[in-house]
Every structure is written in structure tokens, then in C-alpha cells.
2 protein chains.
Amino acid sequence: MRAEVLRRIHARDWAPGALIPTEEALAQEFGCARATVNRALRELAETGVLERRRKAGTRVALSPPRRATLDIPVTRLEVEGRGQAYGFHLLEQRLREAPAPVTSRLGLAPGLELLQLKTLHLADGRPFLLEDRWLNPAVLPDPAPDFAAISANEWLVGHVPYTTGDIAFSAASASAEEAEVLGLAEGAALFIVERSTWERDLPVTTVRLAYAPGYRLRTVV
Amino acid sequence: MRAEVLRRIHARDWAPGALIPTEEALAQEFGCARATVNRALRELAETGVLERRRKAGTRVALSPPRRATLDIPVTRLEVEGRGQAYGFHLLEQRLREAPAPVTSRLGLAPGLELLQLKTLHLADGRPFLLEDRWLNPAVLPDPAPDFAAISANEWLVGHVPYTTGDIAFSAASASAEEAEVLGLAEGAALFIVERSTWERDLPVTTVRLAYAPGYRLRTVV
DNA sequence: GAGTGGTCTAGACCACGTT
DNA sequence: ACGTGGTCTAGACCACTCC
């Protein structure tokens with residue numbers, strides 16, 4: 001059913017932009033229930049192949065289905081998945097007034113004190129990723145966990161999961177500090193991931209991950 | 001229904017890793033049909049919040065739902081969406097033997113002749129993105145379209161849509177050639193997107209996009 | 001107003017994986 | 001073997017939105 005609809009789109013039986021038959025008509029043609037057609041078409045709409053509007057009907061999308069699902073890796077698992085040994089060093093940990101860009105990203109009042117953690121993640125003992133994280137102390141238990149023993153990332157995964165958030169990907173040249181920590185020449189091209197997360201409306205953390213050269217994030221469309 | 005399940009997960013009524021009741025039990029508890037429960041749980045499993053296995057039951061995921069859907073932008077629309085004027089220059093177009101990395105990415109025989117297109121995309125007249133594309137001539141009509149008039153990207157969208165493919169994101173330092181074309185210093189950090197696409201099993205194109213500094217790709221989890 | 005998709009019910013059978 | 005989720009049917013009502 002789903003496959004047949006896709007075939008017709010590929011075969012140009014239904015051209016991009018064209019209206020396709022209603023669910024009821026397709027159900028009759030395929031000899032199946034409307035719910036089955038509905039599910040097939042709904043799933044295709046979710047991947048971006050079709051566009052559906054009540055009353056207006058279902059159209060083959062004009063712009064192509066450029067929607068990919070991206071699995072955001074957990075650093076330790078990602079490193080171990082390559083067959084490398086994972087390790088990390090907590091470089092710095094201090095409670096301090098967060099700079100304006102950080103508080104504004106999280107929607108917090110300026111000048112609030114957040115816990116800043118700088119962590120270097122290692123693969124087979126070599127620098128893999130430099131993490132600069134700001135944590136909302138409100139989410140931490142008392143006493144706070146020992147982030148030298150468990151990485152902040154893993155602690156959060158186990159204790160504050162099921163968050164919402166946004167992610168941005170970009171590239172940046174390594175600063176002097178980043179270059180030194182990662183063992184690179186200053187100005188080397190780093191792959192940057194910035195994430196901010198909330199649990200319901202409570203800001204949890206914002207983090208900047210700077211990956212050593214050679215890192216690639218992959219997905220399938 | 002979906003919301004209530006999410007609430008229980010957030011509230012730790014159901015802890016990470018814990019087994020939740022069967023669909024039938026939940027249907028009774030909520031006073032709704034099993035199909036309704038099934039849909040809610042299936043959708044949550046798709047976002048990564050739950051893990052489902054036949055016979056084993058449904059568990060709250062241990063690793064958090066780090067699955068993002070990424071909308072791959074069409075360059076012209078992305079530029080225009082920022083309120084900037086879009087333009088492009090076809091820098092180079094030639095049929096030549098593709099190097100091994102290119103043919104292997106597409107699963108083609110080495111030494112096959114492909115159409116190489118180098119295109120500079122502009123936003124408000126300033127370099128925005130350098131595109132290095134290899135096109136399978138087998139997908140082109142005779143005569144071939146004029147890629148100086150319509151960008152290869154847009155032609156493909158209109159004439160060979162509904163492809164499958166893979167995407168990789170990374171960072172790279174600008175080569176001398178890239179730096180000159182993009183108007184940057186050599187070694188500047190570029191955000192790199194590499195895409196290969198197929199229509200069914202027919203290799204269509206592989207492309208490397210090098211974005212000028214400042215570019216950010218965003219998404220929401 | 002009327003036609004479309006969105007969602008639900010109640011029931012059934014099947015596929016798979018654990019046991 | 002058995003229990004779980006996966007998927008289907010046939011029918012119903014509702015919500016939206018285009019005309």
C-alpha cells in the first residue's frame with residue numbers, strides 16, 4: 001500500500017504538485033479499509049513526500065522530502081561503538097555568573113549563577129571532543145554529583161532525561177585555548193554542536209561541543 | 001493519552017528502563033480502544049522515548065530521546081527565507097572521469113565519466129555556499145538542461161525528486177581555491193554537508209556543500 | 001454547506017521473540 | 001507454547017477549511 005503509493009510517485013503516475021485520490025477512493029481501489037490508507041498516507045506526509053490538508057485533499061509534495069532523522073549520539077557510546085576506549089577529564093568546574101549569551105539561550109535572568117563544566121572527552125586516550133557546559137543548579141540534587149567520576153552528559157541522561165531542546169550545527173576555528181586542549185594548531189576547523197535543553201519549562205543545560213577534526217555526523221534520508 | 005503517558009514518564013511514575021503496562025491493560029485503564037493506545041505508544045517509540053519489543057513489552061528508554069528531525073533546506077529558499085536576495089554562478093561544468101572517492105560513494109564503476117558542476121551560491125551578492133557536484137549523466141535528458149540558467153539543485157528537485165540518500169556533516173579548513181572563491185582567508189573553518197542520492201538503485205548525484213563562516217543548521221528535539 | 005482528512009471504537013488475526 | 005506488539009477491518013463521528 002505504502003509501497004504502491006511511492007511507486008506511483010516515482011513513476012510520475014502522480015506528478016509533483018498533483019492531487020491524488022481521496023482516502024475513500026484509494027481504499028476501494030486497493031480493497032482495504034480507509035484506516036489503512038490513512039495510515040500509509042499519514043506516514044508519507046510525515047516524511048515529507050505528501051502534503052495533506054483537510055478538504056483540499058492530498059498532494060504530492062513539490063519540494064522534495066528533505067527531512068532526515070538524526071540520532072544524536074551519546075559521546076561514550078559513540079566512541080565505544082567505534083571500538084575505541086572512552087575516557088574523559090573534567091578540566092574545570094565552577095559556579096559563576098553566566099554570561100548574557102548563555103542566560104539568554106536558556107531564557108534565564110541575566111547574572112544568574114550557573115555551574116560551568118569544561119570536559120575533555122578522549123578516544124583511545126586522544127582528544128576527541130571538548131565540552132563546555134552550563135548547568136542550572138536548580139536541577140542538581142544536594143549534594144551535587146561528582147562530575148569528575150561521572151560525565152555530566154551521562155548523569156543528565158540518567159537523572160534528567162526526557163527533555164526538549166534545540167540543536168545547532170556549525171563550524172568554527174579553534175581558539176588558542178581549544179587548540180591547546182585538543183592538541184591542534186590554532187585555527188583548525190572544528191565541528192560545533194550547540195544544544196540547549198529544558199525539562200518542561202525548567203532550563204536544564206546548554207552545552208557547546210567542539211569536535212576534533214575528522215569527525216563526521218551521518219544520517220540517512 | 002499520549003500526553004498522560006509522557007506525564008508519567010516525566011513524573012517518574014514509570015522510571016527509565018521500567019516496563020510499562022501492556023496495551024490491553026492501558027486501554028482498560030484509560031477506557032479507550034487498544035488501537036488508540038497502540039498509536040500513542042508507537043509514536044512515542046518513534047521519537048525514542050519508549051522502546052518496544054514483541055513479547056518483551058514496552059519499556060521507558062534508558063538513553064534519552066536524542067532523535068531530531070532535520071529539514072534539509074533548499075539553498076535558494078533558505079537564502080530568500082532570510083530576506084536576502086539569492087543568486088548563483090556556475091563556475092565550472094565538465095564531463096570527466098570521476099575520481100575514485102566519488103565513484104565509490106555512489107557505488108559506480110571506477111573511471112566512469114560524470115558531469116562535474118561547481119557552483120557558487122550568493123546571498124545579497126555575497127558568497128554563501130560553494131557547491132561541488134557530480135551528476136550521473138544517465139539521469140539527464142538529451143539535450144541536457146542549461147545549468148547556468150537553473151541551478152542543478154533546483155533542476156534535480158523538479159525532475160528527479162523522491163530520492164533516497166545519505167548525508168554527512170563535518171567541518172573543514174578552506175583550501176586555497178575555496179578561500180578564493182568564497183572570499184575568505186585560507187584555512188577558514190567551513191561547515192561541510194556531503195550528500196549522495198539515488199533514485200531507486202540508480203545513482204543520481206553526490207555533492208559537497210561548503211558553507212561560508214557564520215552558517216548554522218538548526219533543529220528541535 | 002459540503003467534502004476532506006483526523007481520530008476513534010471493537011474486534012480480529014498475525015508475526016515475532018521469549019520461554 | 002504463549003504473550004506481546006503490529007496491523008488490519010468496518011464503521012462512526014468530528015474538525016477543519018475551502019467554496
Side-chain angles (χ1 to χ4, degrees), chain A residues 1-10 13-67 69 71 161-162 220, chain B residues 1-10 13-67 69 71 161-162 220:
Chain A
M1 166 76 227
R2 225 188 94 123
E4 170 61 13
V5 171
L6 266 181
R7 191 198 64 73
R8 295 189 184 186
I9 292 170
H10 275 106
D13 293 351
W14 297 332
L19 213 53
I20 77 172
T22 66
E23 293 188 351
E24 202 156 353
L26 287 173
Q28 279 194 15
E29 184 190 335
F30 287 113
C32 67
R34 186 169 80 91
T36 309
V37 176
N38 177 276
R39 179 169 174 186
L41 298 188
R42 179 163 39 81
E43 288 179 352
L44 288 172
E46 272 163 18
T47 70
V49 174
L50 296 176
E51 285 175 1
R52 319 196 72 194
R53 287 210 322 279
R54 280 167 154 123
K55 166 74 180 176
T58 299
R59 294 179 178 279
V60 179
L62 271 176
S63 49
R66 293 304 180 227
R67 186 164 304 156
T69 70
D71 283 309
Y162 314 116
V220 172
Chain B
M1 166 76 228
R2 225 188 93 123
E4 170 61 12
V5 171
L6 266 181
R7 190 197 64 73
R8 295 190 184 186
I9 292 170
H10 274 106
D13 292 352
W14 297 332
L19 213 51
I20 76 172
T22 65
E23 293 188 351
E24 204 156 351
L26 287 174
Q28 279 193 16
E29 183 189 337
F30 287 112
C32 67
R34 187 169 78 91
T36 309
V37 177
N38 176 275
R39 181 170 172 185
L41 298 188
R42 179 162 40 79
E43 288 178 353
L44 289 172
E46 273 162 18
T47 70
V49 175
L50 296 176
E51 285 175 0
R52 319 196 74 193
R53 288 209 323 280
R54 282 166 152 123
K55 168 76 180 172
T58 300
R59 292 179 180 280
V60 179
L62 271 177
S63 49
R66 293 301 182 230
R67 187 163 303 156
T69 70
D71 283 311
Y162 314 115
V220 172

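Excluded from the calculations below are hydrogen atoms, water molecules and symmetry mates; all remaining heavy atoms, backbone and side chain alike, are included. In what follows, every chain begins at residue 1, and chains take the letters A, B, ... in the order their sequences are listed.
Rounded to whole Å, the distance from CZ on Phe30(A) to P on dT7(D) is 18 Å. In this structure, Leu44(B) atom CG and dG5(D) atom C1' are separated by 15 Å, rounded to whole Å. When rounded to the nearest whole Å, the span between CG of Leu41(B) and C1' of dG6(D) equals 12 Å. Remark: C1' of dG5(D) and CZ of Arg39(A) are 11 Å apart, rounded to the nearest angstrom. The separation between Arg2(B) atom CZ and dC8(C) atom C1' is 17 Å, rounded to whole Å. To the nearest angstrom, P of dG11(C) lies 12 Å from CD of Gln28(B). Atom CD of Glu43(B) is separated from atom P of dG5(D) by 16 Å (rounded to the nearest Å). With rounding to whole Å, Arg59(B) atom CZ is found 13 Å from dT4(D) atom P.
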- Item | Summary of protein contacts for nucleotides 13-18 of chain D, nucleotide by nucleotide, where a base hit scores B, a sugar-phosphate-only hit scores S (4.0 Å, heavy atoms) | B-BBBB
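Distances from the side chain of Asn38(B) to the nucleotides dT7(C), dT9(D), dG5(D) place dG5(D) closest.
A close approach under 4.0 Å does not occur between any side-chain nitrogen or oxygen of Arg42(B) and OP1 or OP2 of dG6(D).
No side-chain heavy atom of Val49(A) sits under 4.5 Å from any side-chain heavy atom of Val5(A).
Mapping Thr58(A) and Ala33(B) onto DNA chain C by nearest heavy atom places Thr58(A) closer to the 5' end of the strand.
Checking side-chain atoms of Arg52(B) against main-chain N and O of Thr58(B) turns up no donor-acceptor pair under 3.5 Å.
In the displayed structure, Arg8(A) atom CZ is contacted under 6.0 Å by more than 12 heavy atoms of other residues, nucleotides or ligands. Annotation: Glu29(B), atom CD; neighbour count of heavy atoms from other residues, nucleotides and ligands within 6.0 Å is above 12. Annotation: Arg2(B), atom CZ; neighbour count of heavy atoms from other residues, nucleotides and ligands within 6.0 Å is above 12.
Residues from residues 17-27 of chain A placing a heavy atom under 4.0 Å of any atom in DNA chain D do not occur.
Separation of atoms CD1 (Ile20(A)) and CZ (Arg59(A)) is listed at 10.5 Å; rounding is to 0.5 Å.
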